[in-house]
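Quick note on labels: first sequence line is chain A, next is B, and so on, each numbered from 1.
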Amino acid sequence: MTREDILEQVTQIIRDEFEDDELEVSEETTAADVEDWDSLAHISLIHEVERNFDIKFTMGEIQDFRNVGEMIDSIEVHLGQA
Amino acid sequence: MYTFHELKKAAKHSEAGNGMRIAVLGNCATQFFSLAIKGYAALENIPVEIFDADYNQIDAQLIDTSSEVYEFKPECIILYIATEKIYEEFLDLPLSQRSAFADDMIAKIENYWNMIAANAHSRIIQPNFTEIEDKALGQYSCKVDSTFTYQIRKLNFLLQEKASQRSDVYPVDLLALQIRLGEHFFFDGSLYYNAKMTVSMDALPYVAGAVVDVIKAMSGRIKKCIICDLDNTLWGGIIGDDGMGGIEIGELGRGHAFTDLQRYLKQLKECGIILAVCSKNNEDTAKEPFEKHEEMVLRLSDISVFVANWDDKASNIKLIQETLNIGMDSIVFLDDNPFERNLIRQMIPEIEVPELPEDPALYLEYLQEMNYFETASFTGVSSDRTSQYQAEFERKQAQKSFESIDDYLKSLEMKGSARPFEEVRFARIAQLTQRSNQFNLRTVRYTEDEIAKIASDDDHLTLYYTLEDKFGDHGLVSVVIMKKESDTTLFVDTWLMSCRVLKRGMEEFIVNKIFETARKNGFEKITAEYIPTAKNAMVKDIYRSFGFTETSENKYEIRISDYKPQEVFIKDVSDESDT
């Protein structure tokens, strides 16, 4: 899976989570850019990403994501692609 | 099972207001727990309104009599005390105090219950405790009372013991769910340490499902009857082809699985579930194993309605439902044949049809897992109505031979009584308020404690009615609660009646007694109300038929002097001693 494929899937998950099909998501997107992306939504989002890619983030990773790009870094690690 | 994602969407798009008011209090983060319950309830068409208290606020919310939780006026409070948190508290205790942990915890929980009872008219949903594999002393922990393993098991035991003494506590068996799903599925360490949530996102839908099952039962949505097919459902093989010697039942081989299923069904019957049979067979052939096969657990005396013929099953199920006079949605239909199952689902969408696994070895655990028979009360008293239903069948047969309905009613030699609520009857009265849906004018549900309060309250007049006839005793069949509106006016707060005794003059007997009681106590006017629900249309016009005037929509009144007592064929034995 390419990094672009992952970003595309993550984008879909984020759009679905916040129920906004127009939402623009890039590797630089942070929680602050999206309305309603609070700590609770973050946990729910993480769960959906884990389900989608069939992976499990560690406790440290979840706390450390600063933007979507860093989440994708972790997804790649778990998929054994990094 | 739904996913958490589906529950979240359903919760988001469910309409607010007008549902059962539920407050959630926990010692952990409960946002997703509450969200999952809200979503699950929405998907099951149970309207709920949920108030989720902040993190770890149980003490603060319950002690402060003007707290948010009490202000919310919950009908129900869920007290979720997660094992993970109390495990930490346990480990923080000095070793010398750990042996008293379960006793101290249960005292704390009882104190919560007492505060809720004192400050809110609310029922309590109390999940039990999941386990943590602590293993401080390995397997040896099981016999050392200062270990968590020992104390958490003791706590669960104490919890069920204390809950059994109170009618306002409704358990949720979280431990059973944890055992079924497994500890690793149930708990997600990273979720716990990131968000203080103790149930994994994957397990939340199961937990919500268990809570919603309890809520459903509280609102009277319960199963009352299971209709069973025979061949390859209650025994292996086909009685018509294989004969008595050929069917599989007993302790040997495949028969063992069917025997255990029958054992379980027999237990359901003892718990008050009606057993019925619906089979495509000749009646004599179908009944023979119940009468003569030594290894059958179920006997004809266990079956309330036995229908075996070659008509289509949907018609036969309707016949059974009419004989029992219960809602189609309170019936479970058990059949091994996928074709029959689909047919019944299409013809009778309200009925519950378990998708039995192909292998009979799995029937029983499947039924147990599906938890069809959730209930919100258990008295033990009404547990066997089989003979009553069989008598009802005889009555129906007898009815055919009379010229007029009056002749028939006279021949029944009915005896009825009406008495104020008595303590020994409180449980059964509460149960009826919770279970009756059809003949129920206002569908107000009461707990046993509330019934006890009403019985001793000077502002209420109460009546419970019994009926028997020459075929058998119907027991307690109707409940009336009247509230004083003023010195001269009484309001009928509750009138419900068992549908088994419809149309034989009991309605008239009941209303005569209402007026007699009201008059004796010096009242001049009776007001009443009909609150429509999805199920009680049958009593929509009943007050009008007794001469009440509709003053505004569904509200009625009548002057007591205007009421003409109705003729009935029920002998009044209210003053005779109760047997």
At a heavy-atom separation under 4.5 Å, does [X] approach chain A through its side chain, its backbone, both, or neither?
X: B:Y192; result: neither
X: B:L35; result: neither
X: B:D202; result: both

| Under the 6.0 Å and 45° cation-pi test, does B:R21 pair with B:F51? | no
| Would you find more than 12 non-hydrogen atoms of other residues, nucleotides or ligands less than 6.0 Å from A:E8 atom CD? | no
| said: Nearest 0.5 Å, please: how far is CG in B:D213 from CZ in B:R221? | reply: 10.5 Å
| is_close_aromatic(A:F57, A:H78), centroid dist under 6.0 Å | yes
| remark: Looking only at B:K12, B:H5, B:Q31, most heavy-atom pairs under 4.5 Å shared with chain A are made by B:H5
| query | Counting heavy-atom pairs under 4.5 Å to chain A, which of B:S200, B:S190, B:G189, B:A195 comes out on top? | reply | B:S190
| remark: Honestly, the part of A:S44 sitting under 4.5 Å from a heavy atom of chain B is both
| field | A:E17 portion near chain B, given a 4.5 angstrom heavy-atom threshold | value | both
| query | So B:F101 and B:F148, would you call those rings parallel, tilted or perpendicular, with 30° and 60° as cut-offs? | reply | tilted
| task | Let me know which of B:Y55, B:Y40, B:Y80, B:F4 forms a ring-ring contact (aromatic ring centres under 6.0 Å, His included) with B:F33. | result | B:Y80
